[in-house]
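To start, the structure itself, in structure tokens.
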Amino acid sequence: MKKILLTLAGVLTLASCATNPVTGRKSLSLVSNTELMPTAFSQYDKVLKEGKIITGTADAKMIQTVGTRLEYAAKEYYKEKGILSQLDGYKWQFTLLQSNEVNAWCMPGGKVAVYSGILPVTKDATGLAVVLGHEIGHALAGHSAEQASQQMVAQYGGQIIGSSIANANYASIFNQLYPAGAQMGLLSYSRKMELDADKTGLYLMAMAGYDPSAAIPFWERMAAKSGNSSASDFMSTHPSDATRIARIREALPTALAYYNASPYKGK
């Protein structure tokens, strides 16, 4: 049985594989971001209706400013790579929610939520750019779609071979990955996905005019905070501090080049 499952996984990987445009990591892709977007948008609207949205404050304005600049960076980076069409269908939205949770997330299609509980850790706009760049990095890389693909293999197995993948119940799978409610954004990404998002986020914040060097002290603060229950979920699948910081240092020269060329630098 194990041999059959391994063979199935191999066939599926060869049949449908996506490549991260920043890191080059290949992943199983039986469902796309575009296919998940309608469900993501619906779930996002539900969260906003059930949560307490903060508007008009300095923090809320900061969320909008940082978010808008990161949206610009994502479009510029994808234009540079010749893959801007991959952002078709995105409906960017940045919302600050009142919550003690130390968390933020980005759904497929650019739907971003920031819980006010993370702001004492981010400290300022640059720290916030680290977090939002990282979370947007997850969305751009299709990590929700990757996990949905893995879930499809687990649920449907060989039944999806030779049949239309579109017949799978995307909404059901999506709801398993993102249970509705306050914890909706706590999708357990793998450590490889986390490192993907770190690198992508570093480039995005740099292109948006935020000093990428600030990523190291932010993750150090988050690691120190993770001893508290409010931050442990956010950090549960993240790479070790040493691994994360080493990878960030490796990517910093390229990120700093983007930062120095950003029209937002110093603004």
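The residues of the chain are indexed from 1 along the displayed sequence. Predicted model, so just to flag it, every value in this text is computed and none were measured. Side-chain atoms are counted along with the backbone in the values below, which use heavy atoms only and exclude waters and symmetry mates.
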Look at the side chain of Y115 and the backbone N and O of Q98, then say whether any donor-acceptor pair between them is shorter than 3.5 Å. no

As an exercise, state the distance from CH2 of W219 to CZ of R247, rounded to the nearest 0.5 Å. 14.5 Å

Of all pairs that satisfy ring-ring contact (aromatic ring centres under 6.0 Å, His included), the ones with a partner from residues 47-76, not counting sequence neighbours: Y72-Y264

For K123, all residues meeting side chain to side chain contact (heavy atoms under 4.5 Å, CB included), sequence neighbours excluded: R221

Tell me whether K267 contacts the main-chain N or O of P263 through its side chain, where contact means a donor paired with an acceptor under 3.5 Å. yes

Output field: ring centroids H134/W105 closer than 6.0 Å: no

Review item, side-chain donor-acceptor pairs of residues 58-65, under 3.5 Å, at least two apart:
{"unit_1": "Q64", "atom_1": "NE2", "unit_2": "F94", "atom_2": "O", "d": "2.4"}
{"unit_1": "T65", "atom_1": "OG1", "unit_2": "K61", "atom_2": "O", "d": "3.1"}

Would you call D198 and R244 a salt bridge, using N to O less than 4.0 angstrom? yes

For S213, give me all partners under side chain to side chain contact (heavy atoms under 4.5 Å, CB included), at least two apart in sequence or on another chain. D211, L252, L256

Strictly by modelled atom types, are S85 and Y78 linked by a side-chain donor-acceptor pair under 3.5 Å? no

Side chain to side chain contact (heavy atoms under 4.5 Å, CB included) partners of P120, counting only residues at least two apart: none

Which value, rounded to the nearest 0.5 Å, describes the distance between M107 atom CE and S42 atom OG? 9.5 Å

Can you tell me if T200 uses its side chain to pair, donor with acceptor, with the backbone of G137 under 3.5 Å? no

Going by atom types alone, do Y258 and E80 pair a side-chain donor with an acceptor below 3.5 Å? yes

Which value, rounded to the nearest 0.5 Å, describes the distance between M207 atom CE and Y77 atom OH? 8.0 Å

What residues form a side-chain hydrogen bond (donor to acceptor under 3.5 Å, both in side chains) with K91, not counting sequence neighbours? none

